[in-house]
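Computed from a predicted structure; not experimentally measured.
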Amino acid sequence: MNLKNKHKNYPYYETVPYVDFRQLTQVAAERYGDRIAFSWRKNPRDEEVQTASYNQVCDRVRRLGTGMIDLGLRDQKAALMGEANCDWASVYFALGASGSVSVPIDRELPPDDIVNIITRANCCAVFYSPSVEEKIGALRERIPGVTKYICMGETSADWASELEALIERGVEKLEQGDTSYDDYEIDPDRLASIVFTSGTTGKGKGVMLSQRNITSDMNMGMLQFTVSDKTMFVLPPHHTYGSTVNLVGHYGLGSQLYFSSGVRYLMQEMKEQQPKHIVLVPLFVETLYKKIWQMAEKSGKAAILRKAMKISGGLMKVGIDMRKQLFKDVLSAFGGQLEMIICGGAALSQDIIDTFEAFGIVILNGYGITECSPLVSCNRNQYRKDGSVGCPLIASEVKIHEPDEDGEGEICVKGTHVMLGYYEDPEATAAVMDEDGYFHTGDWGKLDEEGWIYITGRIKNIIILANGKNVYPEEIEHEISAVPGVAEVVVYAGESKNEEREIIVAEIYPDAEEIEKRGITDVKAYFSEEVKKINARMAPYKAVGHIKLRSEEFMKNTSRKITRFNIDKSID
């Protein structure tokens, strides 16, 4: 049976609703007790894997929250900066549960950006990992509003204290009868977190999220799809895709999270940890896809692999599933147990989705945006549509603003998961929220007869030609990215100096290894020929008129998305 098209309205999955982080940790402890919640390595080279059960995490958050209140952090804003691990998750939960406001920050940001965020958010405390202590120490004089520095690990700095000391402070207060943590009445609609977006078109904004925003997003989201009992945390924790979907969503369902030591260790850790599913962004999925074929080419088994895919496809049509046997070598590279990848954050080629499914790994493609906490829609385990980012979450509303003759327009979302607004920026908030309470995403797309979402591109990226025609660069980029030897591509409008007319440019960063393997000597001529083939099957006004090569990767934001605003669009 093809599970992709089982039936349209199969039942929603069971979840346990929760409205705030304190309730989340308490209910999870009651339901899952001594089951492992988190596992991690203190050092990537350590053989020993540390673990914490749901009971232990609940106790840790309660002690930490009590210590935070005693430290005076209630009603204050605290920056949270470091890699994903048990401490980061515990601090994130405890800040919300004790009445503080978390401000997650990417640890890889330049010092100026870190200072800007901490200053703009009016943070009085910084929780940080030892890996960024030197960076934090160097900018202390520039953030005089911060009076408390808490290291999530060991520190020798005389200006900082350790997280364990704060936990012990909480233990002492609890032993003395302090009930400030348990007695605090959490307002789930109050500001709980400020997430500064790392936009692809310019300076980011501070997205204000409440605990209801985050928990309702996962209450609705986890009705749509089910997850396995073990996964890995690979995403950056400061991003809502990581903190909400990977952390909050999975924690509420009792799924064990292994915190990865980093992208460079991903394949090694997948083999060791044997996750049944994993949450990734398209860039990671594309990397895994390329590795599969690179290994197949290197071993001389690429032709055999393609033949096995055809055989498997034929067997699947008559109800025989031999994928675990036929693709054992491929699956073993991911630990041998991987059955599903939840993917969101950017467009993902349908060819990649189909290839992974041919191997026996389902990809649930979804759509999210920070301002919606972030999940807006997703494909379901047993009902998926090619090219779609899925059906909107139950109890949320999605509409297309001013659709054109093809039904395409700006995607707008309404629901309890939509942000409170942009921090100290009412004008920016008013610009994206309409009078009916819909958030205008800035994404262009359409809905089908069942309300499933199909994304065309970003409004800010649309190329409007002199004849009034609209060109969506993402559509052309999707086609060009499938050309062997293309590592990255961005399409935009340029101007030909010779012909003095607008021209569509495809700027390509070549995959040097693939180019060399194919024996290509004239790279530009090769890409020009391939793009001509693409032009031939597209509308004439969408034709790429100029190929531009670059020698280095495109600049990206902290979510690993290409920042288009700083691309030099001049044409030689």
Side-chain angles (χ1 to χ4, degrees), residues 4-15 17 207 209-210 212-227 240-241 244-246 248-249 252-253 279 281-282 340 342-348 350 353 362-404 406-420 432-434 436-459 474:
K4 180 185 287 188
N5 301 304
K6 183 179 179 183
H7 53 83
K8 297 180 180 180
N9 296 310
Y10 73 97
Y12 288 113
Y13 294 100
E14 292 185 6
T15 63
V207 177
L209 299 177
S210 68
R212 190 185 302 278
N213 288 150
I214 297 166
T215 57
S216 69
D217 192 54
M218 287 299 90
N219 287 334
M220 293 187 293
M222 293 306 180
L223 289 170
Q224 302 274 49
F225 58 90
T226 188
V227 298
T240 50
Y241 188 26
T244 299
V245 178
N246 216 168
V248 174
L253 291 179
V279 183
V281 293
M340 182 176 72
I342 298 172
C343 185
L348 183 64
Q350 188 62 44
I353 294 173
V362 168
I363 292 183
L364 297 186
N365 205 17
Y367 165 55
I369 186 167
T370 305
E371 288 87 342
C372 291
S373 303
L375 192 61
V376 173
S377 66
C378 59
N379 278 272
R380 303 196 64 193
N381 297 70
Q382 297 183 14
Y383 186 37
R384 305 181 294 281
K385 292 186 179 183
D386 291 354
S388 174
V389 291
C391 54
L393 303 185
I394 185 173
S396 69
E397 300 176 45
V398 174
K399 71 175 183 179
I400 301 300
H401 179 62
E402 298 182 348
D404 60 18
D406 298 318
E408 295 183 0
E410 185 178 12
I411 299 169
C412 302
V413 185
K414 182 180 181 180
T416 55
H417 57 318
V418 173
M419 67 171 182
L420 302 176
V432 297
M433 299 297 300
D434 67 24
D436 295 320
Y438 279 90
F439 166 67
H440 289 242
T441 65
D443 289 315
W444 197 266
K446 61 183 179 180
L447 305 176
D448 68 10
E449 67 283 354
E450 289 185 88
W452 285 51
I453 303 174
Y454 295 78
I455 294 178
T456 308
R458 287 289 292 172
I459 289 176
E474 292 88 350

[Y] side chain reached by [X] side chain, heavy atoms, under 4.5 Å:
X: Ile455; Y: Glu474; answer: no
X: Met222; Y: Tyr13; answer: no
X: Val245; Y: Met218; answer: yes
X: Leu420; Y: Ser210; answer: yes
X: Met419; Y: Val432; answer: yes

Within the side chain of [X], is there an N or O that forms a donor-acceptor pair under 3.5 Å with the backbone of [Y]?
X: Glu410; Y: Trp444; value: no
X: Asn213; Y: Ser373; value: no
X: Lys446; Y: Asp406; value: no

The residue among Thr244, Thr240, Leu209 that forms side-chain contact (heavy atoms from CB on, under 4.5 Å) with Asp217 is Thr244

side-chain contact (heavy atoms from CB on, under 4.5 Å) with Lys399: which of Asp434, Val413, Ile411? Asp434

Could you measure the distance from the [atom1] atom of [X] to the [atom2] atom of [Y]? Nearest 0.5 Å is fine.
X: Asp386; Y: Ile353; atom1: CG; atom2: CD1; answer: 7.5 Å
X: Ser396; Y: Lys414; atom1: OG; atom2: NZ; answer: 11.5 Å
X: Lys385; Y: Asn365; atom1: NZ; atom2: CG; answer: 14.5 Å
X: His401; Y: His440; atom1: NE2; atom2: NE2; answer: 5.0 Å
X: Cys343; Y: Ile363; atom1: SG; atom2: CD1; answer: 6.5 Å

Can you give me the closest heavy-atom contact between [X] and [Y], atom names plus distance?
X: Arg380; Y: Leu223; result: NH2-O, 3.6 Å
X: Gly387; Y: Tyr454; result: O-CD2, 3.4 Å
X: Trp452; Y: Asn379; result: CZ3-OD1, 3.1 Å
X: Ile400; Y: Glu408; result: CG2-C, 4.0 Å
X: Phe439; Y: Cys372; result: CD2-SG, 3.9 Å
X: His417; Y: Leu393; result: CD2-CD1, 4.2 Å

Please step through side chain to side chain contact (heavy atoms under 4.5 Å, CB included) for the pair Thr416 and Met220, ending with a clear verdict. CA-CA 10 Å; Thr416 55; Met220 293 187 293; 4.1 Å; yes

Please step through side chain to side chain contact (heavy atoms under 4.5 Å, CB included) for the pair Tyr367 and Thr441, ending with a clear verdict. CA-CA 11 Å; Tyr367 165 55; Thr441 65; 3.4 Å; yes

Just do the side chain to side chain contact (heavy atoms under 4.5 Å, CB included) check on Tyr12 and Gln224 with the steps written out, would you? CA-CA 6 Å; Tyr12 288 113; Gln224 302 274 49; 3.1 Å; yes

Walk me through it: do Thr226 and Glu14 pass the test side chain to side chain contact (heavy atoms under 4.5 Å, CB included)? CA-CA 9 Å; Thr226 188; Glu14 292 185 6; over 6 Å; no

Using the rule given for side chain to side chain donor-acceptor pair (under 3.5 Å), can you reason through Asn219 versus Ser216, listing the C-alpha separation, both sets of side-chain angles and the distance that settles it, and then say yes or no? CA-CA 5 Å; Asn219 287 334; Ser216 69; over 6 Å; no

